[in-house]
Structures are given as C-alpha cells and as structure tokens.
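Accompanying notes for the structure given below.
Just so you know, these numbers come straight off a predicted model, no measurement behind them.
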2 protein chains.
Amino acid sequence: MRADARKNYSHILAVARDVVAEHGADASMRDIARRAGVGLATLLRHFPTREALFEALLRTNLDALTEKAGELETSSSPDEALVSWFREMVAFVQSYSGVVALMASAHEDPDSALYATCAAVHSAGARLLLRAQTEGTARADLDGVELFGLMSALGWLVGQPGFAPREDHLFHVMTSAILTNRPCTDIKKAA
Amino acid sequence: MRADARKNYSHILAVARDVVAEHGADASMRDIARRAGVGLATLLRHFPTREALFEALLRTNLDALTEKAGELETSSSPDEALVSWFREMVAFVQSYSGVVALMASAHEDPDSALYATCAAVHSAGARLLLRAQTEGTARADLDGVELFGLMSALGWLVGQPGFAPREDHLFHVMTSAILTNRPCTDIKKAA
DNA sequence: CCATTATACGGATCACTGATCCATTTGTCA
DNA sequence: TGACAAATGGATCAGTGATCCGTATAATGG
C-alpha cells in the first residue's frame, strides 16, 4: 500500500470512530468522508461496505474484550470475573449502537471479516462462563452464544431511549438470571 | 374524509401490514405504495411519516395485548398469566422487527401518537406483574417499564440472525429472572 | 340530472443515501 | 528526471423519503 493511502486509511478510521460514536451505526458514509477530508470514493475503496468499516473499527475493541476475559480468568473469582466482563460487554454494545446486529450476522457467516473476532469473543466468554458453572455459581444450561446474546440484548435495551437510567438495575436483574448465588438479592421472599 | 380516501386508507394499512411482516420495519414506503396500487404521495399524505404508519399499524395489536392482559388476570394464576403474556409480547416484538425502538421513544414523548397506547400496555403489564409480586412469585424490584424492557430485549434478541432457534430456552432464562418460584429449574444447584 | 367546488390523487421533482466509473493527480522507483 | 503504477475524488447512477402542483373525481347545490 502506498504511503498516502496508508495515512488516509488510518485517518479515516480515526474519524469514523468519532462519527460513529456521535451518530451511531447508521452514520452517513459521505459524512465520514467529508469529515476525514477525503472523497466518498476513497472511503469506499478502503472500506467497500459499511460492514467492512465497522469490522476494522470493532476489531480492536473486540480483541481488547477477549484479552480482558483472559485477565479476569486469573485475577478474579469465577462469578466476579463473569459479572465484570458482562458489564464491559454491555457497555461496549451500548456505546456502538446498532453494532450487535452486525456481530450477530457476522457470527452466522463464516466468510464475514468479523467472523474470527466474534468467535474469539464468544469462546472467551464461554470460558468465563464455564469456570463459574464448574464452581456452581452460574446456571449450567447456558452456553457462550447465549451469554453473548443476553449481553447484547441488555446492551441494546439500555441504548434505547428511556432505559439508560435503569441500566444498573437491569444489569442486576440480568446477572441474577445467569448467576445462581445472588438470586434476587433485594426481593421480599415468599415463605 | 371522502369515500375513496377512506377506502385507500384501509387498503394501504392492510398492505402495509403484509409488507412490514415481510420486510421488517424499514420496508420501502414506495414499495408499500406500489403494492397498494397508489402513488407514493397518497401513502405519504395518509401517513406523513413512517412512525405515523406504524402507529396506525401497531395500535390494534397493542390494544389486543392490553386486552389479553386483562383476560389473563382473571383466567390464570398470577405467574402463569405473567408468563403467557410475556410470551405474547415477545412474539409481537419479534414479528414487527424494529418496532420496539419506536415504542420506547413513543413512551418518552407524551406528544407521540403512540403514547397512550404504550402507556396502556405498560400499565396492563404492570398489573400482571403486581399480582404475581403480591403472591410472591415475581421479584419485587421490578416495575412495568422494566418488564416491558425485558420483553422488548428478548424480542429483539430472538429477532437477530442466529438466535431464533434458541428462543424457547432464552425465554425460559428470562422468565426465571423475573419469577422467583421457578428459579433455574434445570440447573445443578450449588449447596 | 348537470354544474360547481372542494378534495384526493399521483407523476414529476428535490435532496439525500451508498455505490461505481474514470480522468486526473501523486507517490515511487529506476 | 522520467515513466509507470497506484490512489484520488468529482461525476454519475439507482435507490430512498418528502414535497409540489396540475389533473381527476367524489360530494353537493341548483
């Protein structure tokens, strides 16, 4: 790749990160190109589709999440690790609104550029889950994909207008569905 | 309203219901108009925005759900009623993909055409929830909005590619987060 | 039953989107 | 410096939702 092309590539990616953070996953490609100071054609040659752009955009974040899962695996108790990672995943999904759908379809399509990255995230989560399940603190009838799904769903929900203020509580409800040792802490028990 | 206009209104609505069921919430307005045999301008005069069209489309479904909640309130046990209604809500959200976001924003905006309808659904769900909470079979720290949110999130999730086959299981996980008397039925309990 | 009038209709058009083409510019290397 | 491949971006295309306005028609009064 020529030097100027490489520079544009990085610059576009940086600008795209800002614009997407501002306008969500359906930001205008023209807008991104304009703000990057390049023509639309240039943007679209570097990233032929919207998915390709997101792929590049998300790869670093997803890799970081995968790595984070590995760290938590050794630094925290199984259920604490799972909850911490869950929280980070939710925050991630929420911050790039509209991105989960992309990841879900990427996970279904082995040819997708995001496929490997998604699979890594899934299996990283699955390992954290398995560790908690072995200890008996997570419900046994879950797998990594479902864990990912629940995280995505929560991230999606708290990204919807009106639900952001309830994020902490909804997070608590959702984790108590996954973990077995913190069942409904603040609930008036019957019997 | 003139007779032909009224006829067009109903016809467009019926066609829109089909098209949306086929192509989801971002179906082309031109497409709907074409299939209804009217000009795009006519469609857009009857329903100035996409939201206006969905408003009309969803009102009947939502009213039906509200009514259903009332029926269940007298015909089933509190937790059975809640679960049944939960299931219907999830199916509804899933069938009209992309619609929840619309309802969420409608619920935030008192001027929205869907506001009253949404509020009715929320309070109908809240009543079912309260009944189960009084009996002690639903966790007490939930309100109608959160119940609606969890239903929406699940509906959204099972509408994503790859998660549809897991609908039943995810439904089970989610309900066990809400109910207290069926905590993780198929799980190896710790201690 | 016909003439008038208000109403509804829809083709044409606009601004916008992502995608593609290709003449021009620019980096690179001999 | 010269030549060539590579990268660029303006122009253009089909698609979207929205708007305008001349035309067709339903409703109404004579």
Checklist outcome for this item: ring pair (Phe, Tyr, Trp, His ring centres under 6.0 Å) pairs touching residues 37-63 of chain B, sequence neighbours excluded, are B/Y9-B/H46, B/Y9-B/F47

Checklist outcome for this item: Contacts satisfying side-chain hydrogen bond (donor to acceptor under 3.5 Å, both in side chains) that involve residues 31-40 of chain A (not counting sequence neighbours) are A/E22-A/R35

Checklist entry - Atom CG of A/N8 to atom P of D/dA6: distance rounded to whole Å? => result 17 Å

Checklist entry - Taking only residues two or more places apart in sequence or in another chain, which ones pass ring pair (Phe, Tyr, Trp, His ring centres under 6.0 Å) with B/W156? => result A/W156

Checklist entry - In whole angstrom, what separates A/D4's CG from C/dC29's P? => result 12 Å

Next on the checklist: At under 4.0 Å between heavy atoms, how does the protein contact nucleotides 19-24 of chain D? Give one character per nucleotide, 5' to 3', with B, S or -.
Outcome noted: BB----

Checklist entry - Rounded to the Å, how far apart are A/M1 CE and C/dT26 C1'? => result 16 Å

Item to check | Axis bend over the full length of the helix from C/dC1-D/dG30 to C/dA30-D/dT1, computed from five pairs that close each end, to 10 degrees | outcome: 10°

Checklist outcome for this item: Here the distance between atom P of C/dA8 and atom CZ of B/R6, to the nearest Å, is 10 Å

Item to check | Nearest-Å distance for atom pair OH/P, residues B/Y9 and C/dT7 | outcome: 19 Å

Checklist entry - Hey, does the side chain of B/W85 reach the backbone of B/L65 with a donor-acceptor pair shorter than 3.5 angstrom? => result yes

Checklist outcome for this item: Taken in chain and number order and not counting sequence neighbours, the residues that satisfy side-chain hydrogen bond (donor to acceptor under 3.5 Å, both in side chains) with A/R50 are none

Next on the checklist: Suppose the criterion is ring pair (Phe, Tyr, Trp, His ring centres under 6.0 Å): which pairs have a residue in residues 20-39 of chain A, not counting sequence neighbours?
Outcome noted: none

Output a table of nitrogen or oxygen pairs between the protein and nucleotides 15-17 of chain C separated by less than 3.5 Å.
unit_1	atom_1	unit_2	atom_2	d
C/dT17	OP1	A/S28	OG	3.3

Next on the checklist: If the condition is salt bridge (Lys or Arg N to Asp or Glu O under 4.0 Å), which residues does B/D63 pass it with, not counting sequence neighbours?
Outcome noted: none

What side-chain donor-acceptor pairs closer than 3.5 Å can you find for residues 10-18 of chain B, not counting sequence neighbours?
unit_1	atom_1	unit_2	atom_2	d
B/S10	OG	B/R6	O	3.0
B/H11	NE2	B/A36	O	3.3
B/R17	NE	B/Y96	OH	3.2
B/R17	NH2	B/L57	O	2.5
B/R17	NH2	B/T60	OG1	3.1
B/R17	NH2	B/N61	OD1	3.1

Compile the donor-acceptor pairs under 3.5 Å between side chains in residues 142-149 of chain B and protein atoms, sequence neighbours left out, one pair per line.
unit_1	atom_1	unit_2	atom_2	d
B/D143	OD1	A/R166	NH1	3.3
B/D143	OD1	B/V145	N	3.1
B/D143	OD1	B/E146	N	2.8
B/D143	OD2	A/R166	NH1	2.8
B/E146	OE1	A/H169	ND1	3.3
B/E146	OE1	B/D143	N	3.3
B/E146	OE2	A/R166	NH1	3.4
B/E146	OE2	A/H169	ND1	2.7

Next on the checklist: Using OP1 and OP2 only, check whether a side-chain N or O of B/T42 sits under 4.0 Å from C/dG10.
Outcome noted: yes

Item to check | Listed partners of B/E71 passing side-chain hydrogen bond (donor to acceptor under 3.5 Å, both in side chains), at least two apart | outcome: none

Checklist outcome for this item: Comparing nearest nucleotides in DNA chain D, the 5'-proximal residue of the pair A/G37, B/F47 is A/G37

Checklist entry - Over how many whole Å does the gap from A/H11 atom NE2 to D/dT8 atom P extend? => result 12 Å

Item to check | Length of the NZ-C1' vector between A/K7 and C/dG27, whole Å | outcome: 11 Å

Item to check | Under 4.0 angstrom between B/H46 side-chain N/O and C/dA8 OP1 or OP2 | outcome: no

Checklist entry - If we ignore angles and hydrogens, is there a donor and acceptor under 3.5 Å between the side chains of B/T117 and B/R59? => result yes

Checklist outcome for this item: A/H23 atom NE2 is separated from C/dG18 atom C1', nearest whole Å, by 17 Å

